[in-house]
2 protein chains.
Amino acid sequence: MANRFVQKLSGLADLDADDAAALERVTAKPRRYVARQDLIREGDEPGPMFVVLEGWVCRYKILPSGSRQIMAFLMPGDACDLHIKLLAQMDHGIQAITTASVATVSREQMESMMRDHPNIARTMYMAQLVDEGIMRAWIVSMGRRSAAERVAHLICELYLRARSIGLTGEGEFALPLSQLVLADALGMTAVHINRVLKELRLAGAMALTRGSVTILDPVKLVQIAGFDENYLHRRLLLTGLSAR
Amino acid sequence: MANRFVQKLSGLADLDADDAAALERVTAKPRRYVARQDLIREGDEPGPMFVVLEGWVCRYKILPSGSRQIMAFLMPGDACDLHIKLLAQMDHGIQAITTASVATVSREQMESMMRDHPNIARTMYMAQLVDEGIMRAWIVSMGRRSAAERVAHLICELYLRARSIGLTGEGEFALPLSQLVLADALGMTAVHINRVLKELRLAGAMALTRGSVTILDPVKLVQIAGFDENYLHRRLLLTGLSAR
DNA sequence: CGCAAGTTTGATGATTATCAAACAGGGTGG
DNA sequence: CCACCCTGTTTGATAATCATCAAACTTGCG
């Protein structure tokens, strides 16, 4: 099975066989985490860079009130901040959502790889820019979209991201997120998201069942979401969601 | 007057006179923008890196519905993404809020400076990490804080950021943002923010008048916001807001 | 089989948006 | 210099969205 890290970065720029080999080398020895296990916690001193190879992971923060906000989902192929070591301590936690296989890349490995493979360096900086774009899109969603629009937008985002690492089927993909997790990501309650999902199902846009999403009508879903895939900066935009 | 860019980066790490001189050199020829003028628009091809020297600037996006969401405020000393040139087109716009003086740094200047001054490179990567932390904090605010908490949190953030570039007075600072602009940043309406401001004023926490904010009770404001300045990654945390 | 986690539905209430309108201030042109 | 206009602020009335509380139901698993 293809290394998801290589696959993801290939979706952003061209990598040659040599680059791919280097990427596979630094992620050769992943570690397993079980669901709910923290990779690193708020307040911890940052360590190596994480690269998710299998399973889903999230960045999150717990507020004094006890409520949780998820700020990002990392799926296979995704890495956390390259330069994270520069900070004295983490301002948020990173946790496995499902069982996950995660490689760690030390700062030294990172630096030598980026020095020897300028193409990889460029592509990883692009990936970082895309991740920032995703965060901005979340801010837009939280600020200006209704609950239904927000759900639809997130599903569009996750579908395209999953697609670029070969994890989607025909208008359908595996989404191992409970409604509570989705609620924590979208800033709403599990009760309300449940009602919104019902609404989207009845509207014939999408249907979420345990562990997987079916996109019933891509055009309708994109329209509800007000989704513009531009911010994901993939090459081959024509192969996107609505043009399926 | 001190160069705000130097001043801001000095708040994150130590820079020597040589570093400071290099930073001043690349920002020596700023350009003026009037309020509401775009530095760059969504869809444009990214150009040089921007460094704000005077005035306020924001990242924003206009939705199909016509509503606007501001995703970041840039104040003097703040720079936009180092590697932005790697993307084919902007996924959001950047606009002056007030009259602003903005320097542009070309990719070549950038690269040679970062090669010759590893300290600057490290510090700018730190600044980028802090900016990402600020975005995550915005996501948390939008997702899990009430309108009043969100306003209080933003004011705490902006106060500390202004403070680190020497723009604050005694429990008071200049904030050239209209209530409409604040609303667009916080994902609410101008009408509602006005009521929230009144509430915060009556509670004796803070008072916003045209162009400036007075922090009436730092402890109370921090408490309402649930503010933890850790994510700004300043050195000298003891000199923060609540310990005034 | 029984428990734990997750999903679904109902009833009610709080928060925030929307619509409407009055008011204040700053700048411009007659 | 004043009238006017534009932008921004403030207040009121009403409605939509979403949270909260409560409880039944469903599914997977030891």
Side-chain angles (χ1 to χ4, degrees), chain A residues 34-37 56 63 65-70 95-99 141-154 174-203 206-214 224, chain B residues 34-37 56 63 65-70 95-99 141-154 175-203 206-213 224:
Chain A
V34 300
R36 302 223 174 113
Q37 189 177 355
W56 286 57
L63 297 196
S65 69
S67 64
R68 177 172 77 151
Q69 178 66 43
I70 289 174
Q95 187 174 84
I97 295 177
T98 63
T99 305
S141 270
M142 309 275 263
R144 292 292 180 215
R145 282 194 252 261
S146 71
E149 292 164 355
R150 232 148 49 196
V151 171
H153 199 278
L154 180 63
L175 188 77
L177 307 179
S178 71
Q179 294 182 7
L180 183 62
V181 168
L182 286 171
D184 281 348
L186 293 168
M188 32 202 279
T189 58
V191 170
H192 194 227
I193 213 177
N194 182 276
R195 292 190 234 259
V196 166
L197 286 171
K198 182 177 177 181
E199 186 189 307
L200 288 170
R201 181 164 14 95
L202 293 180
M206 56 166 278
L208 184 145
T209 60
R210 271 164 193 271
S212 95
V213 175
T214 307
I224 291 172
Chain B
V34 301
R36 304 223 172 112
Q37 189 177 355
W56 287 56
L63 298 196
S65 69
S67 65
R68 179 173 77 151
Q69 178 65 44
I70 288 174
Q95 186 172 86
I97 295 177
T98 64
T99 304
S141 270
M142 309 274 264
R144 292 294 180 213
R145 283 193 251 261
S146 72
E149 292 164 355
R150 231 150 50 199
V151 170
H153 199 278
L154 180 64
L175 188 76
L177 307 179
S178 71
Q179 295 181 6
L180 184 61
V181 168
L182 286 172
D184 281 348
L186 293 168
M188 32 202 279
T189 59
V191 170
H192 193 229
I193 212 174
N194 181 274
R195 292 190 235 259
V196 166
L197 286 170
K198 182 176 179 183
E199 186 189 307
L200 288 170
R201 179 163 17 95
L202 294 179
M206 56 166 277
L208 183 146
T209 61
R210 270 162 195 273
S212 96
V213 175
I224 291 172

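Chain letters run A, B, ... following the sequence lines, proteins first and then strands; every chain starts at 1.
Rounded to an integer number of Å, the gap from CD of B:Glu149 to C1' of C:dT15 is 12 Å. Going from atom CD1 of A:Ile193 over to atom P of C:dT8 covers 11 Å, rounded to whole Å. Spacing between atom CZ of B:Arg144 and atom C1' of C:dT15 amounts to 15 Å, rounded to whole angstrom units. In this structure, the CD1 atom of B:Ile97 is 16 Å from the C1' atom of D:dT7, given to the nearest Å. In this structure, A:Leu175 atom CG and C:dG6 atom C1' are separated by 15 Å, rounded to whole Å. When rounded to the nearest whole Å, the span between NE2 of B:His192 and P of D:dT11 equals 14 Å. Distance CG (B:Leu202) to C1' (D:dT10): 13 Å, rounded to an integer number of Å. In this structure, the CG atom of A:Leu208 is 8 Å from the P atom of C:dT8, given to the nearest Å.
Taking the screw axis at each terminus of the helix from C:dC1-D:dG30 to C:dG30-D:dC1 from five consecutive base pairs, the angle between the two is 30° to within rounding of 10 degrees.
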* **Steps toward side chain to side chain contact (heavy atoms under 4.5 Å, CB included) verdict (A:Leu197, A:Met206)** => CA-CA 8 Å; A:Leu197 286 171; A:Met206 56 166 278; 4.0 Å; yes
* Is there a side chain to side chain contact (heavy atoms under 4.5 Å, CB included) between A:Val151 and A:Leu182 once you walk through the steps? -> CA-CA 8 Å; A:Val151 171; A:Leu182 286 171; over 6 Å; no
* Please walk me through it: do B:Leu175 and B:Trp56 pass side chain to side chain contact (heavy atoms under 4.5 Å, CB included)? -> CA-CA 9 Å; B:Leu175 188 76; B:Trp56 287 56; 3.6 Å; yes
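At least one side-chain heavy atom of A:Gln69 sits under 4.5 Å from a side-chain heavy atom of A:Met142.
Residue A:Asn194 has its side chain nearest to C:dT7 when only C:dT7, C:dG10, D:dA19 are considered. Checked against D:dC18, C:dT9, D:dT11, the side chain of A:Ala147 finds its nearest nucleotide in D:dC18.
With sequence neighbours left out, A:Thr99 forms a side chain to side chain contact (heavy atoms under 4.5 Å, CB included) with A:Arg32. For B:Gln37, the side chain to side chain contact (heavy atoms under 4.5 Å, CB included) partners at least two apart in sequence or on another chain are B:Arg31, B:Tyr33, B:Val34. In this structure A:Ser65 satisfies the side chain to side chain contact (heavy atoms under 4.5 Å, CB included) test together with A:Leu63, A:Ser67, sequence neighbours excluded. Not counting sequence neighbours, the partners of A:Arg201 by the side chain to side chain contact (heavy atoms under 4.5 Å, CB included) test are A:Lys198, A:Ala207. Applying the side chain to side chain donor-acceptor pair (under 3.5 Å) test to B:Arg145 and every residue at least two apart in sequence or in another chain returns B:Ser141, B:His153.
The residue A:Arg36 sits close only to the backbone: its heavy atoms come under 4.0 Å of sugar-phosphate atoms, none of a base.
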* To do: Quick one, give me the B/S/- string for nucleotides 22-30 of chain D, reading 5' to 3', where B means a protein heavy atom under 4.0 Å from the base and S means that only happens at the primed atoms, P, OP1 or OP2.
  => -----S---
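Contact check of residues 176-190 of chain B against DNA chain D (heavy atom, cut-off under 4.0 Å) returns B:Ser178, B:Gln179, B:Leu180.
Comparing B:Arg201 and A:Arg195 by the nucleotide of DNA chain D that holds the closest heavy atom to each, the one mapping nearer the 5' end is B:Arg201.
Taking both residues in full, the closest heavy atoms of B:Ala148 and B:Val196 are given as CA-CG1, 3.5 Å, listed atom of the first, atom of the second, then distance. Nearest heavy-atom pair, B:Ala152 versus B:Ile224, reported as atom, atom and distance to 0.1 Å: CB-CG2, 3.9 Å.
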Please table the atom pairs, donor to acceptor, closer than 3.5 Å between any side-chain atom in residues 183-190 of chain B and protein atoms at least two apart or in another chain.
| unit_1 | atom_1 | unit_2 | atom_2 | d |
| --- | --- | --- | --- | --- |
| B:Asp184 | OD1 | A:Arg144 | NH2 | 2.9 |
| B:Asp184 | OD2 | B:Arg68 | NE | 2.9 |
| B:Asp184 | OD2 | B:Arg68 | NH2 | 3.2 |
| B:Thr189 | OG1 | B:His192 | N | 3.2 |

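Distances shorter than 4.0 Å separate none of the side-chain N or O atoms of B:Lys198 from OP1 or OP2 on D:dT9.
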